[in-house]
Amino acid sequence: MCTVETSATRHNEWVAPNFESLKAKKKFFQSYWPNIELVGTFHSHPYKNLNEVIECKGWRASDSSDGEANDQVFFPYFHEEIAPEQYTLAHLIVAVTELEKRGWAYPDRLSGSERTKGYRLSADNYKFWIRGYSTDFVEDPEGEEGTFVFSDDSDLEMPSLENRFK
């Protein structure tokens, strides 16, 4: 199960999830479907056009270079607040933009060093990039409390996407 927070507070430049709502949904699922486990989060990065996505590499997690709230800070915070009992959570980012021309292309891996970390595909008038990250609980070697850390060291595999179009 992956979270999709429909009761989040939305703004033109940001979204803030409703943690009480997320905790209630998680508790509800754990009560009625204990076989379903939360594996992570999902959110989108929408863009006005293809050039904008490519220019800012919109499929990537926003980083802390500007000092503001961002994905690399938020993912560990989310993990600590919503699933502290789990050692690892997955996080998916889907960048999307409308294309000027209608098109279609087989799903393909991202390029370069991100090849194993995500996919890109086109459908009708839209292009999508799907990129994976994780957060992990890291124990303090001195026996103190551990911490949740952002990780870009994970591979994203989607066999149903790959096998469907080969």
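The residues of the chain are indexed from 1 along the displayed sequence. All values below come from the heavy atoms of this structure, side chains included, with hydrogens, waters and symmetry mates left out.
Linking ILVMFWY residues whenever their side-chain heavy atoms come closer than 4.5 Å, directly or via other members, places Phe148 and Tyr87 in the same cluster. Using a 4.5 Å cut-off between side-chain heavy atoms of Ile, Leu, Val, Met, Phe, Trp and Tyr, with links allowed through other members, Val53 and Leu99 fall into the same hydrophobic cluster. Hydrophobic clustering (ILVMFWY, side-chain heavy atoms < 4.5 Å, transitive): Tyr126 and Leu121 are in one cluster.
With sequence neighbours excluded, no residue forms a salt bridge (charged side-chain N to carboxylate O under 4.0 Å, His left out) with Asp155. Residues passing the side chain to side chain contact (heavy atoms under 4.5 Å, CB included) test with Glu55: none are found, sequence neighbours excluded. Evaluation of the side chain to side chain contact (heavy atoms under 4.5 Å, CB included) rule for Phe28 yields Tyr32, Trp33 as partners, not counting sequence neighbours. Remark: Ser154 engages no residue in a side-chain hydrogen bond (donor to acceptor under 3.5 Å, both in side chains) (not counting sequence neighbours). The side chain to side chain contact (heavy atoms under 4.5 Å, CB included) search around Glu100 returns none, not counting sequence neighbours. With sequence neighbours excluded, the residues forming a side chain to side chain contact (heavy atoms under 4.5 Å, CB included) with Asp140 are Glu142, Glu144, listed by chain and number. By the ring-ring contact (aromatic ring centres under 6.0 Å, His included) test, Tyr77 is found to be paired with Phe19, residues two or more places apart in sequence or in another chain being considered. The salt bridge (charged side-chain N to carboxylate O under 4.0 Å, His left out) check on Lys57 picks up nothing, with sequence neighbours excluded. Shown here are the salt bridge (charged side-chain N to carboxylate O under 4.0 Å, His left out) partners of Arg109, two or more places apart in sequence or in another chain: Glu162.
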| task | List the steps, then state whether side-chain contact (heavy atoms from CB on, under 4.5 Å) holds for Val94 with Trp59. | result | CA-CA 6 Å; Val94 177; Trp59 56 89; over 6 Å; no
| field | Steps toward side-chain contact (heavy atoms from CB on, under 4.5 Å) verdict (Leu38, Gln86) | value | CA-CA 9 Å; Leu38 176 70; Gln86 293 178 241; 4.0 Å; yes
| request: For the pair His45 and Asp71, evaluate side-chain contact (heavy atoms from CB on, under 4.5 Å) and give the outcome as yes or no after the intermediate values. | output: CA-CA 11 Å; His45 288 177; Asp71 295 328; 3.2 Å; yes
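Contact annotation: the side chain of Asp63 never approaches that of Phe150 to less than 4.5 Å [non-hydrogen atoms, C-beta and beyond]. Leu92 has its side chain out of reach of Thr41: every pair of non-hydrogen atoms, C-beta onward, lies at least 4.5 Å apart. You'll find the side chain of Pro17 stays beyond 4.5 Å of the side chain of His43, heavy atoms only. Between Phe42 and Ile93 the shortest side-chain heavy-atom distance does not fall below 4.5 Å. In this structure, the side chains of Tyr47 and Val96 stay at 4.5 Å or more apart for every pair of heavy atoms.
In plain terms, the two heavy atoms of Ser31 and Pro34 that are nearest each other are O-CD, 4.4 Å. Contact record, Gly118 with Leu156: CA-CD2, 4.0 Å, taken as the closest heavy-atom pair. In this structure, Asn70 and Val73 approach most closely via the heavy-atom pair OD1-N, 3.0 Å.
For residues 75-84, the set of pairs meeting the salt bridge (charged side-chain N to carboxylate O under 4.0 Å, His left out) definition, not counting sequence neighbours, comprises Lys23-Glu81. Annotation: salt bridge (charged side-chain N to carboxylate O under 4.0 Å, His left out) contacts involving residues 38-47, sequence neighbours excluded, are absent.
The structure places CD1 of Ile82 at 5.0 Å from CG of Leu22, a figure rounded to the nearest 0.5 Å.
In this structure, the side chain of Ser151 engages the main chain of Asp153 through a donor-acceptor pair within 3.5 Å. Not a single donor-acceptor pair under 3.5 Å links the side chain of Lys117 to the backbone N or O of Leu110.
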Can you give the donor-acceptor pairs under 3.5 Å from side chains of residues 127-139 to other protein atoms, not counting sequence neighbours?
unit_1: Arg131; atom_1: NE; unit_2: Glu114; atom_2: OE2; d: 3.0
unit_1: Arg131; atom_1: NH1; unit_2: Asp152; atom_2: OD1; d: 3.0
unit_1: Arg131; atom_1: NH2; unit_2: Glu114; atom_2: OE2; d: 3.3
unit_1: Arg131; atom_1: NH2; unit_2: Asp152; atom_2: OD1; d: 2.9
unit_1: Arg131; atom_1: NH2; unit_2: Asp152; atom_2: OD2; d: 3.4
unit_1: Tyr133; atom_1: OH; unit_2: Ala61; atom_2: N; d: 2.9
unit_1: Thr135; atom_1: OG1; unit_2: His79; atom_2: ND1; d: 2.6
unit_1: Thr135; atom_1: OG1; unit_2: His91; atom_2: NE2; d: 2.9
unit_1: Asp136; atom_1: OD1; unit_2: Thr88; atom_2: OG1; d: 3.0

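Around atom CD of Glu145, no more than 12 heavy atoms belonging to other residues, nucleotides or ligands sit under 6.0 Å away.
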